[in-house]
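This is the structure I have questions about; it appears just below.
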Amino acid sequence: MLRSGSGSAEATPTAPRPIDLTTDRPGMLVLRRLDRGELTLLRRDELVNALGDIEQLANRLAGYRAEVLGALHELSRSGVAPDPMPHLTLRDATGVSEREARRLCRVASKAREHAAVLDALAAGDINADQAESLCDARVPDEVRTELVAAAASHDTDTTRRCLREAEATHGVETPTERFLRQRAARGAGWGRDHEGMLKLWATFDPETGAGIEAALEPLRRALWQDDKHQRTPAQRDADTLAYALAGVTLTEQDAAAVDRLHARACRDGHAEQAQRLSPAQISVLIGLDALRGHTDQAGVTDAGTELAPETVRRLACDAEIIPIILGGRGGSADIGWARRTVPLRLRRLLIARDKHCQWPGCHAPPSRCDAHHVVHWADGGPTNLDNLVLLCHTHHQHLHEHGFELVVGPDGWTPGQKAVERRKVEQGAYVRQPRAP
């Protein structure tokens, strides 16, 4: 935060001075706006701190909005000013969309039910997304209070990961209760925007979602292998859904990918399915003790989704599941040097171990990741679990094209430039390397 300084905007490009962007007066939420000329005189760290000040004020305003909506709710409940649809009142007062007004009212209502969350939001320590996640956490109140304090120094993604870990340790609902709640929360819809673009949205419980992922993932990966970086992940997912829902392919290249999947379905004895994607099979990695019901360890699907052991046992009865059992009699996870590509079984073990992209700060899901050889296969690196790591497509390409390597340390994987690449840079002879697995 830019708290030091006299509050003057006088500075020169050669001798920039910190500028006090805030005025702390009781009962006031103030942030002095600098004009463009003043902003050009600030250093990078001062500009970054200014962004932090802006976000803190936005969070405090979100807390204030929750309190104002709470006062309106009390008026409505008392009968003084009945308001059966407060989100429409908010929409009319602010000009936001009806969907956004519903979301803001929902977050405000949840925050008012948990004093620690509302206080942290009003103080600017957490944002609205963190507040909603903290309210939704199924943990005892004392644990929630500790999580609120920790969230002040975390971003939203880190807060949500901490919440998942806390729910696994201090959860107040049984796996069956959790499943029934998630199943009841399912929903979907579609509609056209102001330009006529069709928009879809859907939310599924983990079990149903695992089946849908298993059905869509083969085509998504096929399209990825065909075009690499010619389209964004969002565009590729849209093309996958277009085929899965309506049989639409936009390019000859995509049609060829679909034909290959159909041919594979026929070879696997599913000729009746040749007019659509291969039948979905859910692969779940689970400990033998968990499958037998001796522990509560969750199973992990190919996409990284965790399923309760009760769910896995139920799915196993339907013969639509490929169990990969840890602790049972399985083959070796060491394929050796002769094979460069990573077989599906080994990839599943890799997903169970890494769970997401291992590039520092990245948590891309396994469905968007490649299996990267730590020691390159061409340099004698074996295709085994110890020599593999999950990297998302973006960081995998970045690592190879810019001559980096991953080094494991006490805090996880860290990227560093290879010695040979450092010499090339120092000698001015660096040549971009082609992407390789």
Side-chain angles (χ1 to χ4, degrees), residues 1 21-22 24 26-31 48-77 83 85-91 93-173 177-178 181-182 184-185 187 201 203 361 363:
M1 300 298 175
L21 298 183
T22 63
D24 294 325
M28 298 292 290
L29 298 176
V30 179
L31 179 64
V48 171
N49 286 340
L51 291 175
D53 283 338
I54 293 170
E55 183 62 21
Q56 185 182 47
L57 181 60
N59 297 340
R60 294 173 67 184
L61 287 171
Y64 186 34
R65 179 175 55 218
E67 293 169 345
V68 172
L69 288 172
L72 284 172
H73 175 72
E74 290 301 323
L75 283 176
S76 176
R77 190 171 62 172
D83 188 357
M85 291 184 287
H87 66 281
L88 295 183
T89 301
L90 179 60
R91 181 201 64 183
T94 62
V96 300
S97 68
E98 184 173 339
R99 170 177 284 188
E100 178 64 8
R102 287 181 183 274
R103 187 189 72 83
L104 293 175
C105 287
R106 183 184 70 241
V107 173
S109 177
K110 291 179 179 179
R112 294 195 303 272
E113 295 176 359
H114 302 281
V117 176
L118 183 57
D119 290 344
L121 184 61
D125 295 335
I126 61 176
N127 59 46
D129 289 336
Q130 288 175 300
E132 184 171 21
S133 297
L134 287 162
C135 291
D136 288 341
R138 269 69 181 179
V139 295
D141 288 339
E142 59 272 16
V143 175
R144 192 191 320 276
T145 302
E146 296 175 1
L147 291 169
V148 170
S153 58
H154 293 160
D155 58 39
T156 303
D157 291 335
T158 302
T159 297
R160 287 170 175 164
R161 287 195 296 273
C162 291
L163 289 175
R164 287 197 296 270
E165 294 172 359
E167 286 181 330
T169 306
H170 305 285
V172 295
E173 60 183 359
E177 291 172 338
R178 181 181 180 86
R181 173 178 58 79
Q182 291 173 330
W201 67 269
T203 302
H363 289 80

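The structure presented is a predicted model; accordingly, all values stated were derived computationally and were not measured.
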TODO: Kindly say whether Arg138 contributes a backbone atom to a donor-acceptor pair with the side chain of Glu167 at under 3.5 angstrom?
DONE: yes
- [ ] Can you see which heavy atom on Thr159 is nearest to which on Ala151, and at what distance?
- [x]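 Scanning both residues completely, I find the closest heavy atoms to be OG1-CB, 3.8 Å.
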TODO: Output yes when a side-chain donor or acceptor of Thr169 lies under 3.5 Å from a complementary backbone atom of Ala166, and no otherwise.
DONE: no
Task: Spatial distance of atom NE2 (His170) from atom CD (Glu146) [nearest 0.5 Å] - done: 7.0 Å
Open item on the list: Can you give me the closest heavy-atom contact between Leu118 and Ala66, atom names plus distance?
Closed with: CD1-CB, 3.8 Å
Task: Shortest non-hydrogen contact from His87 toward Ala101 - done: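 So the two residues come closest at O-CB, 3.2 Å.
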Open item on the list: Show, in sequence, the C-alpha distance, side-chain angles and deciding distance for Asp129 and Thr156, and conclude whether the side-chain hydrogen bond (donor to acceptor under 3.5 Å, both in side chains) test is met.
Closed with: CA-CA 7 Å; Asp129 289 336; Thr156 303; 5.0 Å; no
Task: Stepwise side-chain contact (heavy atoms from CB on, under 4.5 Å) test for Asp83 and Leu72 - done: CA-CA 8 Å; Asp83 188 357; Leu72 284 172; 5.7 Å; no
Open item on the list: Holding to side chain to side chain contact (heavy atoms under 4.5 Å, CB included), I want the full list of residues that pass it with Gln182, two or more places apart in sequence or in another chain.
Closed with: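 So Gln182 forms a side chain to side chain contact (heavy atoms under 4.5 Å, CB included) with Arg178, Asp205, Pro206.
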Open item on the list: Between Arg144 and Leu134 (side chain of the first, backbone of the second, donor and acceptor by atom type, cut-off under 3.5 Å), is there such a pair?
Closed with: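 Yes, because the side chain of Arg144 sits within donor-acceptor range (under 3.5 Å) of the backbone of Leu134.
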TODO: Kindly compute the distance separating CE (Met85) from SG (Cys105), expressed to the nearest 0.5 Å.
DONE: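 Rounded to the nearest 0.5 Å, the CE-SG separation comes to 12.0 Å.
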TODO: Quick one: do Gln130 and Asp125 satisfy side-chain contact (heavy atoms from CB on, under 4.5 Å)? Show the steps, please.
DONE: CA-CA 10 Å; Gln130 288 175 300; Asp125 295 335; over 6 Å; no
- [ ] Give, for atom OG1 of Thr158 and atom NE2 of His363, the distance between the pair rounded to the nearest 0.5 Å.
- [x]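 Going from the OG1 atom of Thr158 to the NE2 atom of His363 covers 6.5 Å.
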- [ ] Rounded to the nearest 0.5 Å, what's the gap from OG on Ser109 to CG on Leu104? Could you check?
- [x]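 It is 12.5 Å, given to the nearest 0.5 Å.
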Task: Minimum side-chain heavy-atom gap Val117-Lys110 below 4.5 Å - done: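 Contact flag for Val117/Lys110 side chains = no.
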TODO: Decide, yes or no, whether a salt bridge links Arg103 with Glu100 under the criterion of side-chain N to carboxylate O below 4.0 Å.
DONE: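 Yes.
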Open item on the list: Can you tell whether the side chains of Arg102 and Glu98 come within less than 4.0 Å, N to carboxylate O?
Closed with: yes
Task: Non-hydrogen side-chain atoms of Arg161 and His154 separated by less than 4.5 Å - done: no
- [ ] For residues Leu69 and Arg65, determine if any side-chain heavy atom of one lies less than 4.5 Å from a side-chain heavy atom of the other.
- [x]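 Side chain of Leu69 against side chain of Arg65, heavy atoms only: contact under 4.5 Å found.
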Task: Test item: Asp119 and Val148 side chains (from C-beta on) under 4.5 Å apart, heavy atoms - done: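 No - every pair of side-chain heavy atoms lies 4.5 Å or more apart.
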Task: Pairwise side-chain contact, Leu57 with Leu61, heavy-atom cut-off 4.5 Å (strictly under) - done: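 Side-chain contact under 4.5 Å: yes.
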Task: SB check Glu74 Arg77 (cutoff 4.0 Å) - done: yes
Open item on the list: So which atom in Leu163 and which in Ser133 form the shortest heavy-atom distance, rounded to 0.1 Å?
Closed with: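 It is CD1-O, 3.3 Å.
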Task: Under 3.5 Å donor-acceptor, Asn127 side chain and Asn59 backbone - done: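 Not at all, since once roles are kept as given, no pair shorter than 3.5 Å links the two residues.
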